[in-house]
Structures are given as C-alpha cells and as structure tokens.
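Remarks on the structure that follows.
Below, chain A is the first sequence line, B the second, and so on; all start at residue 1.
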Amino acid sequence: MPRGCPEEALWLFLLMNRSGFFPNEVTFASVLGSCAAVLELCLSRQIHGRIVKCGFLGNVILESSLVDVYGKCGIMSEARRMFDEVENPNAVSWNVIVRRYLEVGDEEAALCVFFEMIYKGVRSLTFTFSNALVACSRISALGEGTQIHGVAVKINYEEDEVVSSSLIDMYVKCGNLDGARKIFDQPSSKNLISWTSIVSGYAMCGRTKEARELFNEMPERSIVSWNAMLTGYTQFCQWEDALNFIFLMIQHKCDVDHVTLGLILNVCAGLSNVEFGKQVHGYSYRHGFYSNVSVGNALLDMYGKCGCLRCSRIWFYQMSDLRDTISWNSLMTSYASHHLSQQVITIFTDMQRETAPNKYTFATLLAACADIFALKQGKQIHGFIIRNDYAIDDVLLGALVSIYSKCHLLDYALKVFKEADPGDVVLWNSMILGCCRHDKGMEALQLFGLMKQEGVKPDHVTFLAILHACICGGYVELGGKYFDLMSSEYCLMARLEHYECMIELYTRHGVMDELKQFVKTLPFDPTIPMLTRISDACRKYGDSTLGKWAAKKIESISSCNGS
DNA sequence: GTAGGGTTAG
C-alpha cells in the first residue's frame with residue numbers, strides 16, 4: 001500500500017483476518033509498508049512471526065520490509081538482526097539499512113555497512129551513495145568520503161548528477177573546498193544544488209566575497225541559495241552586507257521562508273535594530289510563520305540581544321505551548337544580560353516544570369550564579385548536572401571554574417580545572433582571573449608561566465587578566481613588560497581595555513613618569529574615564545602639567561558632545 | 001497483474 005491511507009489499509013487487513021481469508025506474501029509486504037508509514041511496531045512484530053510461521057522468510061522483499069519497519073521505528077538492533085538474516089540482500093536491502101542508520105544518527109554504522117556492500121561487489125543504487133556521502137559530511141569523514149569518490153569514479157557513478165552533487169557537498173562540508181571545486185568545475189556537475197553547495201562552502205568559511213561572485217554568476221537561484229549567502233554574511237557579522245543583501249532579496253521578490261526570517265532576525269540583533277525586528281515580527285504574523293518554533297526563538301533572541309527585556313517576556317508568554325528548551329534558554333540569557341541574575345535562577349525553576357534543560361541552560365545559569373556570588377545554588381546546579389548524567393564539556397567546566405574562583409573556592413576551581421582540557425585558553429583565563437579576585441597576583445602570574453609551558457597561546461583576555469594581576473599585586477614594571485610582550489611575542493593588538501588597565505596600573509601606584517610616557521604613545525584619543533583617572537592621580541601625586549592637560553581634554557570633549 | 005527502498009543545497 002504505497003503512501004495512500006496506511007491506517008485504512010491496516011484496518012482492512014484486520015477485517016480480512018476476521019473474515020478468515022489468508023494473507024499471502026503480497027499482502028504482508030503491503031501491510032508492512034503501511035506499518036512503516038504509521039510506525040506500528042507492535043503489529044509489525046506480529047506479522048514478522050506470521051511470516052516465519054508461513055515459511056515466507058527467504059523472500060527478500062518481505063525481509064527488506066521488516067528491516068525497514070524496525071529501522072523506521074528506531075529499533076536499530078532489531079533492524080540489524082533482521083538484515084543479517086537476509087541471505088541474499090539486494091540493492092534495496094542495502095539501501096534500507098544504510099538509510100536507517102543515517103536516520104538514527106549512527107553515521108559510523110551507516111558507512112561501515114556501505115563499505116561492506118562495496119566489498120561484496122553489490123551494484124548499489126545511486127541513492128545509497130548519496131546517503132553514505134551525507135554520513136561522511138555529518139562526521140567530517142573526509143578520508144572515507146574520498147574513498148567513496150574513488151569507488152564512484154570506478155563504477156561510472158561520477159557522471160550521475162545526484163552523486164556528483166552529493167560529492168561536492170561532502171567535500172564542502174568536510175572543509176575541502178578545492179576538492180569540491182574540482183568536481184564542480186566539470187560542466188556536467190553544474191546544477192542548482194551543486195551551485196548552492198559551492199556558494200555555501202565559500203560563505204561558511206568566511207570567504208564571502210568569492211561566495212558572492214559565484215552567487216552572482218548563478219544561472220538560477222532558489223531560496224536555499226539566497227539563504228546560504230545570507231548565512232555567510234550573518235555568521236561573520238558582516239551586518240551591512242547582510243542588510244544590503246536582504247534589500248536585494250526584497251527587490252527580487254524572493255520567497256521568504258522560516259530560515260530567511262531567522263537570518264533576518266539575526267541581522268536585526270547584530271545591528272541592535274529592534275524597530276526592524278518588530279517589522280519582521282509583524283511579517284511573520286501576517287505570513288503564517290507564527291507557529292514556527294525556530295522563527296519564534298529567533299524573535300526571542302532578537303529582542304534579547306536588542307536589550308528589550310519587556311518584548312522578550314511578552315513574546316515568551318505569547319509563544320506558550322510552542323516553547324522549547326531553546327526558548328527558555330533565550331529568556332534566561334535576556335535576563336542575564338540585564339544582570340537580573342536572581343531571576344535567571346527563578347526562571348530555571350519554572351523551566352523544569354515544562355521542559356528539560358541542556359548544557360547551554362547550565363552555562364547561562366552558572367554564569368548568573370557567579371554574577372551574584374550565589375555559591376549555594378551554583379553547587380546545587382553542579383550536583384544536578386552530575387546526578388542527571390549531563391556531559392560536562394569544556395564550556396560547563398569553564399562556567400564551574402569561573403563560579404568557584406569567583407566565590408572564593410579556589411581549591412574547588414582548581415579541582416575542576418584539572419579535569420578540563422589543558423589546551424583550553426578560556427579555562428586558563430578563568431583561573432588567572434580567579435586568582436586576581438583573591439588578590440593572588442603572584443599566583444596568577446605563575447599560572448601564566450605554566451600556561452606557556454603547556455604551549456597554550458594566550459589571547460587578549462589572558463593579557464587583561466595578567467594586567468589585572470599586576471594592578472592588584474602592584475607589579476608596575478612587570479605590567480609594562482607584559483603589555484609590550486602582548487604585541488611583540490604574541491602578535492595581539494592591545495585593545496582599549498588593555499590601555500585602560502595600563503593607565504589604572506600607573507595611576508593607582510603613582511608612577512607618574514611612566515604614565516606620562518605611556519599617555520604620549522596612546523594610538524587614539526584618551527577616553528573620558530581614562531582622563532578622569534589621570535586627572536585624579538595628578539591631584540593625588542602632584543603633577544600639575546599632566547593634570548591640567550587632562551582637565552582641558554575633558555572639557556573639550558564634553559563641550560563637543562554637548563553641542 | 002498485485003510487493004519493498006527513495007538521493008543532493010540553507
């Protein structure tokens with residue numbers, strides 16, 4: 001019974017049994033098809049039994065149908081057992097088992113079976129190749145993908161449009177753009193899908209200019225192509241380009257779908273343009289995207305990133321039964337960004353009544369606890385994570401290190417830190433900052449030395465932490481040395497915050513000559529907070545020339561802003 | 001004559 005009315009077919013089958021007619025092989029095959037369509041696992045097992053009883057096993061169509069139905073119901077162990085019993089699996093049987101493994105997310109098994117099939121010399125279907133290539137893309141298995149490419153060439157499948165498109169996409173997703181390009185440049189493999197794959201490949205690795213050139217050359221475009229290009233712009237925060245591209249889409253009267261809307265909302269968030277965001281909200285409402293969770297969550301994210309907590313909250317309640325874990329996380333993030341940390345914890349309590357948290361929930365939650373030094377809740381959440389068997393990845397370890405070091409439990413922090421990946425610079429930063437908070441400047445600097453020994457490359461946050469360590473420990477000379485080291489040895493450009501630290505270092509410890517020298521070398525105009533700090537220090541340590549200069553600067557900037 | 005699987009792009 002192919003894609004008709006599976007429920008009715010099953011109903012007829014039961015009726016047939018009651019009337020005393022005996023089903024034959026054809027009946028069973030068609031009934032199994034209906035079972036697969038409606039995921040009727042129980043009835044499938046009964047029919048499996050009857051097939052055995054009737055002596056129909058050995059019929060490859062029935063056997064493949066059983067593999068199919070077990071797989072569709074997600075019981076891969078049974079699907080596999082059935083498959084292994086098939087004496088002479090044909091191309092369809094192999095296709096079914098590969099496809100089902102792919103659907104349950106077991107890409108390794110899918111590839112394993114695929115190669116077994118190739119090894120046995122089965123002339124497979126082109127579909128099976130595509131499925132295997134998707135498996136490679138998902139787990140970035142470039143080696144296996146290349147092998148499949150070799151096989152495809154050998155049996156002349158490379159000419160097949162679907163296989164070549166799948167190959168291109170596999171190379172793109174495995175990060176081998178050149179490999180993808182080589183196939184794409186053959187005229188026979190150019191079609192809408194491969195064009196889109198290749199544009200997406202360039203866009204997703206930040207080569208948006210090349211992506212756009214290719215995009216402009218496309219003979220035809222679908223909404224997926226437009227979205228691929230827009231994804232590149234948004235992923236790399238090229239908001240102006242993204243915005244112009246959206247206007248172009250409007251000019252072209254493109255069909256907008258839920259992916260486009262989500263991307264446009266990301267752009268609104270990136271530009272902090274809540275007015276445009278609200279227009280998109282209205283558009284979604286008018287065009288039937290109101291019950292789409294991903295659009296709903298993108299709206300929440302947009303309101304949150306634009307800082308409009310009221311809008312976030314209202315929309316969150318309006319979403320009501322549409323809400324999922326991502327929606328809750330998004331709401332928590334909005335509150336966290338306003339430092340309403342106690343309320344973040346409250347939201348988590350409410351969330352548990354409705355849906356399960358994930359690792360992002362915990363990262364936000366722990367950061368909120370750290371923000372208000374809620375050590376007790378932080379520990380409870382740590383316990384919750386362990387009790388409920390959530391995998392503690394580096395992000396969570398980082399959050400734990402940061403809360404424990406913030407809440408003066410340096411021992412705990414160190415314990416967690418030791419479990420983590422020693423190559424993760426973020427964790428080192430948390431630990432170093434933790435030491436600073438405990439006025440353990442020397443320990444912080446020692447950690448920095450250890451980090452160097454481990455071969456971990458410091459980033460700008462590390463240097464911020466190091467400079468803080470120098471400020472609180474009073475290591476003025478060292479601070480200057482580290483500041484220079486940042487660019488000379490690590491090729492990191494000092495940011496405003498680093499300059500602020502240096503000014504804090506010199507002013508707090510009254511090292512006026514160095515301060516004067518440093519101010520002279522500033523590559524930009526000092527900010528008002530910097531000037532205020534300098535002026536205060538001059539008053540305290542007596543340096544009328546620099547003090548007057550700072551006061552004058554403040555005055556001129558203020559009058560500029562005032563007019 | 002009636003039965004099974006179903007591919008690639010955001």
Side-chain angles (χ1 to χ4, degrees), chain A residues 1-3 9 23-37 44 47 51 56 59-72 79 82-83 86 89-100 102-103 114 124-137 152 157 160-173 180 183-184 189-204 211 214-215 218 220-235 245 249 254-264 266 294:
Chain A
M1 182 62 55
R3 354 241 123 248
N24 63 14
E25 288 162 286
V26 178
T27 326
F28 282 133
S30 115
V31 169
L32 281 173
S34 300
C35 288
S44 304
I47 290 171
I51 287 173
F56 291 157
N59 177 332
V60 70
I61 294 180
L62 287 179
E63 290 166 330
S64 307
S65 300
L66 283 168
V67 175
D68 183 51
V69 75
Y70 289 138
K72 275 199 181 124
M82 187 62 232
F83 179 77
V86 183
N90 61 19
V92 173
S93 329
W94 287 100
N95 188 53
V96 167
I97 188 84
V98 170
R99 175 77 197 169
R100 297 293 158 256
L102 191 65
E103 271 171 7
F114 176 82
S124 78
L125 303 167
T126 50
F127 308 130
T128 319
F129 266 77
S130 306
N131 286 326
L133 288 166
V134 169
C136 295
S137 310
Y157 268 11
D160 181 89
E161 210 178 276
V162 175
V163 173
S164 68
S165 307
S166 305
L167 278 167
I168 290 169
D169 196 55
M170 180 279 294
Y171 279 120
V172 161
K173 297 237 171 77
I183 306 175
F184 179 73
S189 48
K190 279 195 184 63
N191 59 42
L192 176 61
I193 290 177
S194 58
W195 268 103
T196 308
S197 278
I198 210 91
V199 165
S200 153
Y202 282 100
M204 295 292 266
L214 282 161
F215 178 86
M218 285 179 83
E220 52 166 344
R221 304 179 188 107
S222 68
I223 185 62
V224 182
S225 335
W226 286 90
N227 289 344
M229 192 60 236
L230 189 54
T231 304
Y233 288 137
T234 52
Q235 203 101 119
F245 195 75
M249 287 180 85
C254 275
D255 281 325
V256 159
D257 69 1
H258 69 280
V259 180
T260 324
L261 285 176
L263 288 165
I264 298 178
N266 291 344
S294 65

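The CE-C1' distance, from M170(A) to dA9(B), rounds to 15 Å in whole Å. Whole-Å rounding puts the Y202(A) OH to dA9(B) C1' distance at 16 Å. One atom, CE of M204(A), and another, P of dA9(B), lie 12 Å apart when rounded to the nearest Å. Distance I97(A) CD1 to dG6(B) P: 13 Å, rounded to the nearest Å. In this entry the distance linking CG of D257(A) with P of dA9(B) reads 15 Å, nearest Å. In this structure, F28(A) places its CZ atom 20 Å from P of dT2(B), rounding to the nearest Å. The distance from atom CG of D68(A) to atom P of dG4(B) is 10 Å, rounded to the nearest whole Å. Spacing between atom CD of E25(A) and atom P of dG4(B) amounts to 14 Å, rounded to whole angstrom units.
Of the candidate nucleotides dG6(B), dT7(B), dA9(B), dT7(B) has the atom lying nearest to any side-chain atom of V162(A). Out of dT7(B), dA9(B), dG4(B), the shortest distance to the side chain of S64(A) is found at dG4(B). Comparing dG6(B), dA9(B), dT8(B) by their nearest atom to the side chain of S222(A) picks out dA9(B). Side chain of F127(A), nearest nucleotide from dT8(B), dA9(B), dG6(B): dG6(B). Side chain of V26(A), nearest nucleotide from dA9(B), dT8(B), dT2(B): dT2(B). Among dG6(B), dT8(B), dG4(B), the nucleotide with an atom closest to any side-chain atom of N90(A) is dG4(B). Comparing dA9(B), dA3(B), dG6(B) by their nearest atom to the side chain of N59(A) picks out dA3(B). Out of dG4(B), dA9(B), dG6(B), the shortest distance to the side chain of V92(A) is found at dG4(B). Each of dA9(B), dG6(B), dA3(B) was ranked by its minimum atom distance to the side chain of N95(A); first place goes to dG6(B).
Here K173(A) reaches the OP1 or OP2 of dA9(B): one of its side-chain N or O atoms lies under 4.0 Å away. At the phosphate of dG4(B), neither OP1 nor OP2 sits under 4.0 Å from any side-chain N or O atom of R99(A).
The base of dT8(B) sits with one of its N or O atoms less than 3.5 Å from a complementary donor or acceptor on the side chain of S165(A).
Distance alone, capped at 3.5 Å, is enough to place a donor-acceptor pair between the R221(A) side chain and the F215(A) backbone. For Y202(A) (side chain) and L214(A) (main-chain N/O), no donor-acceptor pair under 3.5 Å exists by modelled atom type. Of the possible donor and acceptor atoms, one in the side chain of S189(A) sits under 3.5 Å from a partner among the backbone N and O of I183(A).
Using a 4.0 Å heavy-atom criterion, one finds that V60(A) contacts the bases of the nucleic acid, with or without backbone contacts as well. No engagement by R221(A) is indicated, since no non-hydrogen atom pair under 4.0 Å with the nucleic acid exists.
Looking at D257(A) and T260(A), their side chains do bring a donor and an acceptor atom within 3.5 Å of each other.
Closest of all the heavy-atom pairs between V67(A) and A79(A) is O-CB, 3.7 Å.
The aromatic rings of F83(A) and W94(A) sit perpendicular to each other, their planes meeting at more than 60°, with 30° as the lower class boundary.
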